[in-house]
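The block underneath contains the structure these notes are about, expressed in structure tokens.
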Amino acid sequence: MSARDDLAPLDADLAATLGLYETHRFCLRLAPEVTLLADDGAPKSELNADVLVVLLHEYTHFLHNLSTASGFAAYQCFQQLLGVFSNALNDDGTCDPAHLSSDNTAVARSALDALESIDGTRRLPNHPSPVTGLSVVSARCAPTQVGGVSVQHAKVEWVIDRRDGTRETFVSDVGAFVIEEGIAFTLEECVRLNAVTFERSGVDPPPLYPYEAFRVLAQHYVPDISALSAIRLGLLALSTNRPGASLLHALDAYKRLRASGADDVAACRTVRGSIDEMLKAITQRICSIDLGEISKMHFERGLVADGHASVLDEFRRLLTQRAADPWFDVAWCQEDGTLDLKALSALLLSTVPCDAIQEQSGSENDFGRDVLLTFKSAGVQRDDGGIVPTTANSGLRAVQAQFDYLLAHLSPSQGIVATTQPSPRRCPYFTTCTLEMRRDDPQPCKEAPWQRLTNKGETCWYGVAVGATLGTLRN
């Protein structure tokens with residue numbers, strides 16, 4: 001599953017799920033059952049199928065975050081929120097929204113509205129009875145005002161059947177959330193079944209919405225669309241900043257081509273060709289203008305600036321790669337329905353690095369209970385846990401902490417909110433940290449991690465992040 005600001009934080013124990021990727025945190029969290037560690041505690045050199053399917057699902061979210069225009073558009077919104085958030089901070093790192101001007105508040109509201117526009121509807125209406133059936137009545141694009149701008153949204157009317165025998169209709173905005181979860185779940189099932197297919201294994205079936213909504217919507221347009229073509233069209237849609245509307249346009253074009261006699265693969269490739277120049281133009285703008293503007297925001301912010309620079313470099317590299325080959329990340333799915341698992345392993349372990357917090361058994365309060373892993377070209381390696389400036393990953397760690405700091409003060413409905421103690425989000429490294437301050441005085445790390453900002457020279461990744469957001473740290 002993926003999580004954003006209104007879902008479970010990355011530092012939560014995984015009681016209900018085996019893996020979690022939180023958008024813009026660039027880090028996975030894996031439950032003890034899904035271990036990347038061998039019995040001797042060293043990282044595994046090969047992954048079994050049970051681990052692979054969970055890792056693939058969460059890694060797919062990470063890759064969508066860093067290699068698609070919709071992922072970058074959401075990242076831009078968080079950068080705007082960071083700018084507003086910095087204006088609400090007191091010198092001690094606590095947040096007081098009373099410091100914000102009306103213009104600040106308007107910027108935050110606009111950014112949150114834009115995020116909602118990109119994501120679409122995340123949940124069905126609350127109901128005590130579980131969903132047992134999901135079908136589409138209609139799907140259309142309709143203009144919606146977002147920040148004073150008319151934006152095309154994908155309006156889908158669903159029929160929801162429930163276990164108690166009731167039925168209801170519900171209209172949702174389909175966006176990146178449904179597309180990403182649908183693609184990730186389908187790829188996970190493909191590995192379980194060792195074939196590129198829309199068939200389902202029946203292993204731990206998830207809620208129909210959002211995990212099956214993408215398949216249901218694609219099959220509403222063309223019942224015999226292949227899983228691979230649906231995934232490919234979904235990736236094309238994510239490569240725009242209006243993924244929901246782009247998906248409906250792509251499915252409609254694919255449907256017309258199939259009706260005119262084109263086969264499944266040819267129709268999908270023709271749709272790609274028809275929007276190829278548009279996707280390249282989107283990438284060109286991001287790489288030539290938008291990345292530079294974000295870089296300026298973090299100028300002279302020490303390690304955090306270094307971390308954002310590394311993230312922006314990854315955006316540039318991966319967006320360029322997707323512009324050249326929109327389906328590079330599913331190249332291991334063959335058009336004949338077979339899988340190239342060696343290519344998948346190469347993708348997971350070396351093509352794009354992603355960090356992972358490997359949970360282990362024990363209390364969350366146990367010192368150093370979990371292991372922080374990083375993916376390198378040589379495989380999975382333990383992070384040494386060092387603090388600035390002893391590790392090459394310190395900048396990225398500080399960026400991860402900075403986003404967590406923001407998310408602890410962010411509400412989708414209220415915008416920037418005041419600091420509360422205990423914090424709704426402990427330090428994301430609480431269960432992996434091996435610093436003396438975590439061992440000897442754990443409560444601030446757990447309940448008020450912004451207090452790790454000090455002028456005494458001893459700090460941590462979170463303290464560095466707070467200082468950079470306040471603007472008190474320089475190179």
Side-chain angles (χ1 to χ4, degrees), residues 4-6 22-26 65-66 69-119 146-149 241 285-286 289-316 395-419 425 449-450 453 461-475:
R4 290 195 178 155
D5 52 320
D6 56 345
E22 190 169 31
T23 305
H24 314 312
R25 281 290 310 283
F26 316 115
N65 188 177
L66 267 176
S70 59
F72 178 76
Y75 181 76
Q76 276 186 306
C77 293
F78 270 82
Q79 294 294 328
Q80 293 171 350
L81 289 166
L82 269 175
V84 173
F85 177 52
S86 68
N87 292 323
L89 297 179
N90 297 310
D91 290 344
D92 63 357
T94 57
C95 177
D96 182 359
H99 295 320
L100 298 177
S101 67
S102 58
D103 287 345
N104 288 152
T105 302
V107 169
R109 184 70 263 161
S110 177
L112 288 167
D113 288 346
L115 278 170
E116 183 179 0
S117 174
I118 295 164
D119 269 358
V146 178
V149 178
N241 55 9
R285 174 182 169 79
I286 292 173
I289 299 175
D290 298 336
L291 293 176
E293 291 179 350
I294 292 177
S295 181
K296 292 176 184 177
M297 288 179 57
H298 302 284
F299 182 65
E300 291 191 343
R301 292 297 187 269
L303 278 171
V304 169
D306 294 341
H308 281 288
S310 68
V311 171
L312 295 175
D313 284 345
E314 284 299 294
F315 266 118
R316 179 176 287 103
L396 181 58
R397 300 280 181 260
V399 167
Q400 291 165 341
Q402 186 181 48
F403 276 115
D404 203 88
Y405 181 38
L406 166 64
L407 290 170
H409 297 87
L410 189 63
S411 163
S413 58
Q414 301 174 56
I416 305 297
V417 296
T419 297
R425 302 171 72 94
W450 56 86
L453 172 68
W461 291 323
Y462 206 107
V464 168
V466 175
T469 310
L470 277 166
T472 58
L473 291 184
R474 296 290 185 268
N475 284 317

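Model, not experiment: these values are computed from the prediction.
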CG of L66 to CZ of R316, rounded to nearest 0.5 Å, is 13.0 Å

Going by side chain to side chain contact (heavy atoms under 4.5 Å, CB included), name the residues that satisfy it together with S102, two or more places apart in sequence or in a different chain. none

Name the atoms and distances for all side-chain donor-acceptor pairs under 3.5 Å in residues 83-92, with sequence neighbours left out.
| from | atom 1 | to | atom 2 | distance (Å) |
| --- | --- | --- | --- | --- |
| S86 | OG | G83 | O | 2.7 |
| N87 | ND2 | G83 | O | 3.4 |
| N90 | OD1 | H99 | NE2 | 2.6 |
| N90 | ND2 | T94 | OG1 | 2.9 |
| D92 | OD1 | T94 | N | 3.0 |
| D92 | OD1 | T94 | OG1 | 2.6 |

Scanning both residues in full, the closest heavy-atom pair of F26 with L396 reads CD1-CD1, 4.3 Å

Can you tell me how far the CE atom of M297 sits from the CD atom of Q80, to the nearest 0.5 Å? 8.0 Å

Nearest heavy-atom neighbours spanning A74 and I118: N-CD1, 3.8 Å

Hey, mind stepping through I416 and L410 against side chain to side chain contact (heavy atoms under 4.5 Å, CB included) and telling me if it holds? CA-CA 5 Å; I416 305 297; L410 189 63; 3.9 Å; yes

Looking at side-chain heavy atoms only, is the closest gap between W450 and L470 below 4.5 Å? no

Can you list everything that forms a side chain to side chain contact (heavy atoms under 4.5 Å, CB included) with Q76? Sequence neighbours excluded, please. F72, D290, I294

If you define the side chain from C-beta out and look only at heavy atoms, does anything of T469 sit under 4.5 Å from V304? no

Can a side-chain donor-acceptor contact be found between S295 and H308 if the only test is distance below 3.5 angstrom? no

Any residue meeting side chain to side chain donor-acceptor pair (under 3.5 Å) with N104, in chain and number order, not counting sequence neighbours: S101

Test item: Y75 side-chain N/O and L312 main-chain N/O as donor-acceptor pair under 3.5 Å: no

Would you check, one step at a time, whether the test side chain to side chain contact (heavy atoms under 4.5 Å, CB included) holds for L303 with W461? CA-CA 9 Å; L303 278 171; W461 291 323; 5.8 Å; no

Ignoring hydrogens, what is the shortest heavy-atom contact between A73 and N241? Give both atom names and the distance. CB-CB, 4.2 Å

Side chain to side chain contact (heavy atoms under 4.5 Å, CB included) between H298 and L82: does it pass, once the steps are laid out? CA-CA 10 Å; H298 302 284; L82 269 175; 4.2 Å; yes

Evaluate the side-chain proximity of I286 to L291: yes if any heavy-atom separation is below 4.5 Å, no if none is. yes

Between V311 and E314, is there a side-chain heavy-atom distance shorter than 4.5 Å? no

Where S411 and V417 come nearest, the two heavy atoms and their spacing: CB-CG1, 3.9 Å

Measure across A465 and A398 and return the closest heavy-atom pair with its distance rounded to 0.1 Å. CB-O, 3.4 Å

Locate the shortest heavy-atom distance separating N65 from F315; write the atom from each residue and the value. O-CE2, 3.2 Å

Listing request: all salt bridge (charged side-chain N to carboxylate O under 4.0 Å, His left out) pairs with a residue in residues 96-111, at least two apart in sequence or in separate chains. R109-D113

